[in-house]
Protein chains: 2
Amino acid sequence: MTLPERTVERLSEYRRSLLQCLEEGKTHIFSHELADLHHNTAVQVRRDIMFIGYTSMQRKGYDLRELVDVIGDILDSERGLNVAVIGIGNLGKAVTTYFVGKRSKLNIIATFDVDTTKIDRVISGVKCYPLSRLKEVVEAQQISIAILTVPADSAAEVTAQLVEADIKGLMNFTTVPLNVPPEIYLDEFDMITSLEKVAYFVKSPQN
Amino acid sequence: MTLPERTVERLSEYRRSLLQCLEEGKTHIFSHELADLHHNTAVQVRRDIMFIGYTSMQRKGYDLRELVDVIGDILDSERGLNVAVIGIGNLGKAVTTYFVGKRSKLNIIATFDVDTTKIDRVISGVKCYPLSRLKEVVEAQQISIAILTVPADSAAEVTAQLVEADIKGLMNFTTVPLNVPPEIYLDEFDMITSLEKVAYFVKSPQN
DNA sequence: AAAATATTGTTAATTAAATCACAGATTCAA
DNA sequence: TTGAATCTGTGATTTAATTAACAATATTTT
Ligand SMILES: NC(=O)c1ccc[n+]([C@@H]2O[C@H](COP(=O)([O-])OP(=O)(O)OC[C@H]3O[C@@H](n4cnc5c(N)ncnc54)[C@H](O)[C@@H]3O)[C@@H](O)[C@H]2O)c1
Ligand SMILES: NC(=O)c1ccc[n+]([C@@H]2O[C@H](COP(=O)([O-])OP(=O)(O)OC[C@H]3O[C@@H](n4cnc5c(N)ncnc54)[C@H](O)[C@@H]3O)[C@@H](O)[C@H]2O)c1
């Protein structure tokens with residue numbers, strides 16, 4: 001059984017808050033507390049947790065450590081997944097720098113570019129390969145996820161190469177919608193849309 | 001009447017494709033063509049367009065120019081909205097550089113930081129102010145939207161200042177969920193969640 | 001100019017997501 | 001040790017979003 005997309009997102013968000021609470025020395029949390037940390041209701045939290053089959057200590061709230069582990073069992077791959085960043089410009093660099101070392105189960109282990117001045121450079125310990133070696137490196141290093149940060153006008157072409165290289169999941173930062181076969185999971189991570197949405201709701205408030 | 005959030009997002013996406021088609025010299029587009037460009041069905045496209053009250057030339061498809069204008073009437077504010085980027089590190093810099101000059105109705109006109117070495121520096125023509133002048137500058141320059149790219153551990157505090165400065169909309173790039181009063185529109189633009197979602201669906205494919 | 005075709009706009013049906021409502025479990029207070 | 005209070009887990013219900021179905025209309029073909 002696969003979970004609803006929104007539930008997966010919320011679980012990822014919950015986990016971060018839970019880890020934060022653990023660091024602060026807490027051991028348990030109530031559904032309404034977790035709800036308050038997110039923009040969410042206690043029922044929704046309980047429903048999400050029900051989905052993953054975890055049950056709490058009655059009346060004590062959820063055990064933070066246990067819940068974090070259960071979410072990990074759901075979200076993470078046991079051996080972790082390897083990730084590559086394609087196009088190491090302003091955004092690609094920021095993303096790489098930021099992510100390296102953050103999530104133990106998602107490792108950025110390679111970057112790719114066509115700019116010869118960037119090739120072989122190392123950013124936060126991650127080496128930049130020429131795009132021409134994409135397929136070879138993806139295979140050798142078992143990379144399953146690509147983060148696409150190339151210019152919009154090469155996005156389609158590079159995506160074709162990623163498909164060819166047998167990538168399994170793709171997070172698209174560019175502003176053009178991509179086309180991939182259905183077995184590849186694609187997330188359109190679109191800043192312009194999000195900003196325009198904010199602008200719309202600023203202009204036309206809900207209530 | 002305000003539109004459903006998802007419809008607003010799709011309209012923003014459609015517009016970009018429509019502008020692209022215009023540049024390529026096309027004048028009309030069918031609902032199924034627009035659907036194919038996005039990950040979407042023709043019915044959904046027609047429904048979205050119905051929402052905004054535009055009707056096509058029967059059988060000729062939608063007039064690109066007209067449709068772009070109608071979407072503009074819905075999404076854009078007549079005089080445009082002013083935007084500030086808060087925290088001009090790796091990500092803030094990338095975002096600022098990228099957005100400046102892109103959308104005519106959304107203008108990044110100021111950035112803010114606490115790092116004295118960054119203050120007064122100009123990035124892509126946009127000046128960096130000390131955060132202490134936030135309220136003053138927001139008011140003077142009529143800034144209504146903030147893009148938050150400060151470190152996670154100062155996010156809450158800076159957000160309080162943004163609320164105090166009477167910002168109307170907020171796009172949060174940090175990894176902590178924020179709390180703002182309900183009249184402020186908040187978009188949690190969360191890369192970690194998106195990447196973890198990709199990882200989950202790579203691990204557990206849908207079909 | 002009749003028939004076949006293609007496309008929209010919209011009502012109705014379906015599906016998915018969120019919320020309500022409440023029984024059961026546990027704790028606390030007296 | 002009874003009763004009130006608190007919190008979870010979940011069936012039932014509601015709401016929201018998507019999809020199906022099709023009449024209406026314009027265009028093309030014969
Ligand atoms: N910077 C942002 O905040 C931002 C916001 C929204 C969208 N985007 C999108 O993200 C993408 C990257 O933005 P950026 O600001 O980092 O641009 P950039 O120009 O700084 O970086 C692009 C990088 O891609 C490399 N590149 C070019 N063609 C390539 C190819 N075929 N294969 C591999 N690498 C290639 C370039 O050498 C460069 O290093 C763009 O598509 C942009 O639309 C960026
Ligand atoms: N870089 C990424 O790709 C990425 C990805 C996901 C999330 N994020 C989040 O975005 C935020 C920024 O990331 P980054 O990589 O650009 O970090 P960064 O350290 O490069 O930049 C942070 C900037 O904020 C400034 N700053 C610090 N405190 C401030 C304050 N109180 N007010 C104003 N400015 C302040 C710093 O001087 C610095 O210029 C972080 O919260 C991070 O969690 C970044």
Side-chain angles (χ1 to χ4, degrees), chain A residues 1-14 18 21 26-67 70-71 74 182 188 193 197 200-201 204 206-207, chain B residues 1-14 18 21 26-67 70-71 74 182 188 193 197 200-201 204 206-207:
Chain A
M1 168 231 36
T2 54
L3 302 173
E5 199 155 311
R6 282 295 293 129
T7 297
V8 173
E9 291 182 7
R10 284 191 298 259
L11 289 173
S12 162
E13 290 158 15
Y14 296 159
L18 298 173
C21 290
K26 291 185 66 173
T27 60
H28 292 78
I29 193 168
F30 295 129
S31 59
H32 64 264
E33 291 178 304
L34 191 47
D36 288 346
L37 290 174
H38 299 268
H39 311 280
N40 205 168
T41 65
V43 184
Q44 182 71 76
V45 167
R46 296 206 297 275
R47 176 77 61 196
D48 289 332
I49 290 175
M50 187 182 131
F51 257 123
I52 63 177
Y54 178 67
T55 62
S56 69
M57 307 275 291
Q58 276 283 8
R59 260 289 321 207
K60 273 249 158 65
Y62 300 98
D63 183 295
L64 285 173
R65 187 74 255 161
E66 279 179 24
L67 184 50
V70 175
I71 294 178
I74 300 285
E188 303 278 2
T193 288
K197 184 177 63 170
Y200 171 79
F201 285 109
S204 323
Q206 297 270 226
N207 313 314
Chain B
M1 167 230 39
T2 54
L3 302 172
E5 202 154 312
R6 283 294 295 129
T7 296
V8 173
E9 290 183 9
R10 284 190 299 258
L11 288 173
S12 162
E13 289 159 13
Y14 297 160
L18 297 173
C21 290
K26 292 185 67 173
T27 60
H28 292 78
I29 193 168
F30 295 129
S31 58
H32 65 264
E33 292 178 303
L34 191 47
D36 288 347
L37 290 174
H38 299 269
H39 311 281
N40 205 166
T41 66
V43 184
Q44 182 72 76
V45 168
R46 296 207 297 276
R47 183 157 293 282
D48 288 334
I49 290 175
M50 188 182 128
F51 257 123
I52 61 176
Y54 178 67
T55 62
S56 71
M57 308 272 293
Q58 275 281 8
R59 258 295 316 209
K60 274 249 155 66
Y62 301 96
D63 183 295
L64 286 174
R65 187 74 256 161
E66 281 179 22
L67 185 50
V70 175
I71 294 178
I74 301 285
E188 303 278 1
T193 289
K197 183 177 64 170
Y200 171 79
F201 285 109
S204 322
Q206 297 271 228
N207 311 314

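Reminder, nothing fancy here: chain letters follow the sequence lines and each chain counts from 1. Values in this document were obtained by computation on a predicted structure and should not be read as measured data.
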Worksheet item: With the sugar-phosphate defined as primed atoms, P, OP1 and OP2, and the base as all remaining atoms, what B/S/- string results for nucleotides 4-12 of chain D, 5' to 3', for protein heavy atoms under 4.0 Å?
Response: --BSBBBBB

Worksheet item: Do Phe201(B) and Val8(A) touch side chain to side chain, with heavy atoms closer than 4.5 Å?
Response: yes

Worksheet item: Got Gln44(B) and Arg6(B) here, is their nearest side-chain heavy-atom distance under 4.5 Å?
Response: no

Worksheet item: Taking atom types as modelled and ignoring hydrogens, do the side chains of Glu188(A) and His39(B) form a donor-acceptor contact shorter than 3.5 angstrom?
Response: yes

Rounded off to whole Å, could you give me the [atom1]-to-[atom2] distance for the [X] and [N] pair?
X	N	atom1	atom2	answer
Glu9(A)	dA18(C)	CD	C1'	15 Å
Gln44(B)	dG9(C)	CD	P	15 Å
Asp48(B)	dT10(C)	CG	C1'	14 Å
His38(A)	dA18(C)	NE2	P	15 Å
Arg6(B)	dA17(C)	CZ	P	12 Å
Asn40(B)	dA17(D)	CG	P	15 Å

Fill in: Expected output: side-chain Tyr62(B) to main-chain Ile49(B) donor-acceptor under 3.5 Å
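Absent.
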
Discussion item. Looking at Tyr200(B) and Ser12(A), would you say the former's side chain and the latter's main chain have a donor-acceptor pair under 3.5 Å?
Written reply: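 Checked: no pair found.
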
Worksheet item: Axis-to-axis angle across the helix from dA1(C)-dT30(D) to dA30(C)-dT1(D), five pairs an end, to 10 degrees?
Response: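 End-to-end axis angle: 0°.
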
Worksheet entry | Where Gly61(B) and His28(B) come nearest, the two heavy atoms and their spacing |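 Looking at all heavy atoms of both residues, the closest pair is O-CD2, 3.9 Å.
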
Worksheet entry | Name of the residue among Leu34(B), Leu67(B), Leu37(B) meeting side-chain contact (heavy atoms from CB on, under 4.5 Å) with Tyr14(B) | Leu34(B)

Worksheet item: Is it the case that more than 12 heavy atoms not belonging to Lys26(B) sit under 6.0 Å from its NZ atom?
Response: yes

